[in-house]
Amino acid sequence: MEETISNKDEKVIREFSEEWTKFDFSSIDIEQINEVFDQYFSIFPWDVLPKDAVGSDMGCGTGRWAQLVAPKVKTLNCVEPSNANKMRKWLLSELLKMRFIKLF
């Protein structure tokens, strides 16, 4: 018998959707975002990725980090259960290598 397991929490999804809609980080200085990105990803071995690397940003929210990861990989899957994913599609549309996936 096949069993479906889901840990989807509607309240959490709704609250993040509301948060990302209000705070989309589009007005924050790109240098500030780059600085925090460098701190977050300082241990990631970017230099050993193959040219055809495929990455995933699970819970991408507004794409704050996706916009900086996308240039480093061939394809970036942006996965988000909230409506923030829909909002970010147009904001990041110039990065054609990104696939947006809405869960649930």
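Just the heavy atoms: all of them, side chains too, but no hydrogens, waters or symmetry mates, feed the values below.
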Contacts of Q32 that satisfy side-chain contact (heavy atoms from CB on, under 4.5 Å) - sequence neighbours left out: I28, D29

Mutual orientation of the aromatic rings belonging to F41 and W65 [parallel < 30°, tilted 30-60°, perpendicular > 60°]: perpendicular

Please list, one pair per line, the donor and acceptor atoms closer than 3.5 Å that link side chains of residues 43-57 to other protein atoms, with sequence neighbours excluded.
none

Sidechain N-carboxylate O distance under 4.0 Å for E10, R14: no

Qualifying residues under salt bridge (charged side-chain N to carboxylate O under 4.0 Å, His left out), relative to E18, sequence neighbours excluded: none

4.5 Å side-chain heavy-atom contact, I33 and V36: no

Value rounded to 0.5 Å, distance of CG in N34 from CD in Q39: 11.5 Å

Spacing of E35 atom CD and Y40 atom OH [to the nearest 0.5 Å]: 12.0 Å

Nearest-0.5 Å distance that lies between atom CG in L68 and atom CD1 in I30: 5.0 Å

